[in-house]
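One structure below.
Naming: A, B, ... by sequence-line order, numbering from 1 per chain.
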Number of protein chains: 2
Amino acid sequence: MARKGRHSSIVDVAEAAGVSLQTVSNVFNFPERVRPLTRDHVLQVVKTLDYTPNLSARRLRSKKSSSLAVRVDSNSTPGFFRGFIQDDFVYELTEAAERRGIKVIAYTAESETQEVEKLKKLIKSKDTDGIILTTTKVNDPRLSFLEMNNVPFLSFGRPWGAEDLYSVTHPWVDIDGASGTAEATAMLWKKGCRNIGFAGWVSSHSADGVPQSVDEDRYLGWKNTSGKLSGKLTRRSDPGFNGLAVFGEQSVASGRQAARRLLDAVPDLDAVVCVSDTMALGCLLEFQRMGKQAISITGFDNSPIAKEFGFSSLDQNLPAVSRGALEILMGETGNEIRKVDFAAENTAAHILLKPMLVVR
Amino acid sequence: MARKGRHSSIVDVAEAAGVSLQTVSNVFNFPERVRPLTRDHVLQVVKTLDYTPNLSARRLRSKKSSSLAVRVDSNSTPGFFRGFIQDDFVYELTEAAERRGIKVIAYTAESETQEVEKLKKLIKSKDTDGIILTTTKVNDPRLSFLEMNNVPFLSFGRPWGAEDLYSVTHPWVDIDGASGTAEATAMLWKKGCRNIGFAGWVSSHSADGVPQSVDEDRYLGWKNTSGKLSGKLTRRSDPGFNGLAVFGEQSVASGRQAARRLLDAVPDLDAVVCVSDTMALGCLLEFQRMGKQAISITGFDNSPIAKEFGFSSLDQNLPAVSRGALEILMGETGNEIRKVDFAAENTAAHILLKPMLVVR
DNA sequence: CTGAAAGCGCTTACAG
DNA sequence: CTGAAAGCGCTTACAG
């Protein structure tokens, strides 16, 4: 019975149940400390009074916000790619967080400098215990800020180009793009394709065969597998790999162009592994136009585009990514977001997940 | 100087500035109550100490969360439509909310019943002052729950089919679809098109010409304008309007089919107004395939698809939608989310915005 | 315009 | 296993 229209408080529950305040508190926070009989009785009263703890009070006292902040972005950025992924990532992250009793706060930022200011506010105002970053780069001001201030954080995506990709000061969760395109290539080979091309974004590749970007990672998966299967492995630095790889930018038009160039170079082309669904759509449409529907195509992201146009694609498995993110931030079973000393605790600071090939 | 690594509090600021606690508090909450000289001095100290108010403490005391909750959805729902809009809506809403000092909390739900439970928790735990709903329907359990509990809320989208669309108990902000397709139709006419078709979703339309759904609203905009301009206005109940309207479902394949059917019925077709970008893409691709590139097409949403494929589309103007949402919830200049008695206060409970035609 | 006190609703030591 | 007290960091009356 909440008095006078206000919500019932822990005091109301304690009184109604005939126990002290912190017995009620314990029922919620340390149920094992309370005798089962008492616990059940308290829970019954909680139900009757429809009591829900006031989270501001809890946060103030416990000094834990039990919240996570994530930046949301506008979809106005060119290419389909970002939007599809972000939408689902925020959804899956929120879902996974709720399962572990964590709230997700959205924030926006127009630049990384502005983002640092926003992060500072979020943290100093005690509104969040941790941060999920989505696109980190070398010398990212957000990273140095978070590290300096000892704020738990993690990035979705490896810090490509960093000196040490596996530094314990920069935890991350990511999708293994190379393994994905390798799987796609193998699937196509198994299906009987023998001239499997690649349509990517950036043609400049590192000489040592160590990927420096998302697209290079995906390119190498195709290159190595394709080379192995066909026995046509060339020297590592060969970007084009027998002229079967072409590069452009993240657009349908670029995908169309890639399709034409590949077909020019290799008339008996029978499949193309694409770095993204957008590129894949371009290839698909161009091959359709040319009456070359028989050429198989795979994309990346398993976006609604892939589903709609019915081509195979690599699903980033965002539910698993989100679960992994929370495992890094909270441990496998913990219920609080804390700054982990990964080196000392010997727990994973980095999770690399295989994407799932969805064959259509 | 925060003591021992913890963040500085209002007490630290008061001490350092040599004023009382609530002079500091006033500087933040009622600056006009503080003498300018004192105010500047306090603000200087705030800056030096890098002080940010603890929001949990503020919320607990003030009984305002200054937060808004919005459901985020998975993009796995069929069709491109939802995803594009949601992504941008959450972004624009967060941006607009931040401008007015409001946080946005994301939550998920698998069903409306489950959503009611989540809403209950959010409200009773004092985590949110208001709710933004995104797809309401007749007899929506969320609506009755929110109304009963006197929770400030608003829906993005009109409650199609409700007894009274403009009931003050159900505030909303929406896009005027009819005005959008009317504008698109007029633009095409002006351009010289004389056989302008329509590709929609649902063919069953109300007899009285009052739209009962998003798609019917958009259909009527085309129908009325097209009829007026061509002088071929038929009876209101005629769904097909001279055979120039065809209906299908939200998919590219359905758009392709619509294109074929329209062209079959009207060989000299020169334009198609589409209910969505997805349908428009289908039309575009099919016309390309048939060598009928001259036929103009307009879509709805101005999604990345429209930009990518270069067809005209109606932008939902989500920044304006978001600003409107906050005006309804907070008033034009207010700084708190409150339950408005729209009838008594004589302020708008409903905002209908014109979409913006982006011509390509 | 400024100050000293009370209190929002919890959890956290600490005592029994 | 349970209880009485203290206190998290603010804002809100209220007094001057």
Side-chain angles (χ1 to χ4, degrees), chain A residues 2-42 45-46 49-66 101 123-127 129 335-336, chain B residues 2-42 45-46 49-66 101 123-127 129 335-336:
Chain A
R3 310 192 270 246
K4 312 185 205 162
R6 67 173 185 76
H7 293 160
S8 46
S9 79
I10 196 172
V11 177
D12 300 318
V13 176
E15 277 176 10
V19 296
S20 73
L21 282 188
Q22 76 280 41
T23 296
V24 180
S25 176
N26 283 338
V27 167
F28 284 98
N29 300 302
F30 306 95
E32 71 282 1
R33 289 189 195 164
V34 184
R35 208 190 326 158
L37 211 72
T38 318
R39 191 166 58 208
D40 291 346
H41 177 227
V42 169
V45 173
V46 163
L49 297 185
D50 205 10
Y51 166 70
T52 305
N54 180 316
L55 291 181
S56 294
R58 174 178 285 176
R59 290 187 184 115
L60 175 60
R61 189 56 178 93
S62 69
K63 296 180 177 301
K64 285 183 289 187
S65 73
S66 297
I123 290 151
K124 293 197 66 96
S125 69
K126 299 285 195 299
D127 242 15
D129 294 335
N335 52 16
E336 68 180 74
Chain B
R3 312 190 268 246
K4 312 184 205 164
R6 67 171 183 76
H7 293 159
S8 47
S9 77
I10 196 172
V11 178
D12 300 318
V13 176
E15 277 175 11
V19 296
S20 73
L21 282 188
Q22 76 282 36
T23 296
V24 181
S25 176
N26 283 338
V27 167
F28 284 98
N29 300 303
F30 306 96
E32 71 283 0
R33 289 189 194 165
V34 183
R35 210 190 324 159
L37 210 73
T38 317
R39 191 166 58 208
D40 290 346
H41 177 228
V42 170
V45 173
V46 164
L49 297 186
D50 206 9
Y51 166 70
T52 305
N54 180 316
L55 291 182
S56 294
R58 174 178 284 176
R59 290 187 184 116
L60 175 60
R61 190 57 179 92
S62 69
K63 296 178 176 301
K64 285 184 288 189
S65 72
S66 297
I123 290 152
K124 293 197 67 99
S125 69
K126 300 285 196 299
D127 242 15
D129 294 336
N335 52 15
E336 68 181 74

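Under a 3.5 Å cut-off, the side chain of A/Arg39 and the backbone N or O of A/Pro31 do form a donor-acceptor pair. For the pair B/Ser65 (side chain) and B/Asp129 (backbone), a donor-acceptor distance under 3.5 Å is present. Here the side chain of A/Thr38 pairs no donor or acceptor atom with the backbone of A/Val34 at under 3.5 angstrom.
Regarding B/Asn26, its CG atom lies at a distance of 14 Å from the P atom of D/dC10, rounded to whole Å. Look at CG on A/Leu21: it is 16 Å from P on D/dG7, rounded to the nearest Å. Across the protein-nucleic acid pair, B/Glu15 atom CD and C/dG3 atom P stand 13 Å apart, rounded to whole Å. Distance, B/Phe30 CZ to C/dT2 C1': 15 Å, rounded to whole Å. What separates CG of B/Asn54 from C1' of C/dG9 is a distance of 14 Å, to the nearest Å. Remark: C1' of C/dT12 and CZ of A/Arg33 are 9 Å apart, rounded to the nearest angstrom. The nearest whole Å value for the distance from the CG atom in A/Leu37 to the P atom in D/dT2 is 9 Å. In this structure, the CG atom of B/Asp12 is 13 Å from the C1' atom of D/dC8, given to the nearest Å.
Of the listed nucleotides (C/dG9, C/dG3, D/dT2), C/dG9 has the atom at the smallest distance from the side chain of A/Leu60. The side chain of A/Tyr51 approaches C/dC10 more closely than any other nucleotide in the set C/dC10, D/dT2, C/dT2. Candidate nucleotides C/dC8, C/dC10, D/dC10 were compared by shortest atom distance to the side chain of B/Arg58, and D/dC10 ranks first. Among the nucleotides D/dG9, D/dT2, C/dG9, the one closest to any side-chain atom of A/Thr23 is D/dT2.
Put simply, A/Arg35 has a side-chain N or O that comes within less than 4.0 Å of OP1 or OP2 on D/dT2. Contact annotation: B/Lys64 does not reach the phosphate of C/dC8 (side-chain N/O to OP1 or OP2, under 4.0 Å). The side chain of B/Thr38 contributes an N or O atom lying less than 4.0 Å from OP1 or OP2 of C/dT2. Here A/Asn29 reaches the OP1 or OP2 of C/dT11: one of its side-chain N or O atoms lies under 4.0 Å away. Taking side-chain N and O atoms only, B/Ser62 has no distance below 4.0 Å to OP1 or OP2 of C/dC8. Using a 4.0 Å cut-off, no side-chain N or O of B/Arg61 falls inside it from OP1 or OP2 of D/dT12.
For the pair A/Ser25 and B/Val19, nearest-nucleotide mapping onto DNA chain C gives the more 5' position to B/Val19.
Residue B/Phe28 is classed as having no contact, given no heavy-atom separation below 4.0 Å to the nucleic acid. At a threshold of 4.0 angstrom between heavy atoms, the contacts of B/Lys126 with the nucleic acid are absent.
Here the side chains of A/Asp127 and B/Arg59 are in contact, with some heavy-atom distance below 4.5 Å.
D/dA13: no Watson-Crick or G-U partner with both key distances under 3.5 Å is found in any strand.
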Before you tell me yes or no, could you show the steps for A/Ile10 and A/Phe28 under side-chain contact (heavy atoms from CB on, under 4.5 Å), namely the whole-Å CA-CA distance, both residues' side-chain angles and the distance that decides it to 0.1 Å? CA-CA 11 Å; A/Ile10 196 172; A/Phe28 284 98; 6.0 Å; no
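Nearest heavy atom pair, residue A/His7 against residue A/Asp12, reads O-OD2, 4.3 Å.
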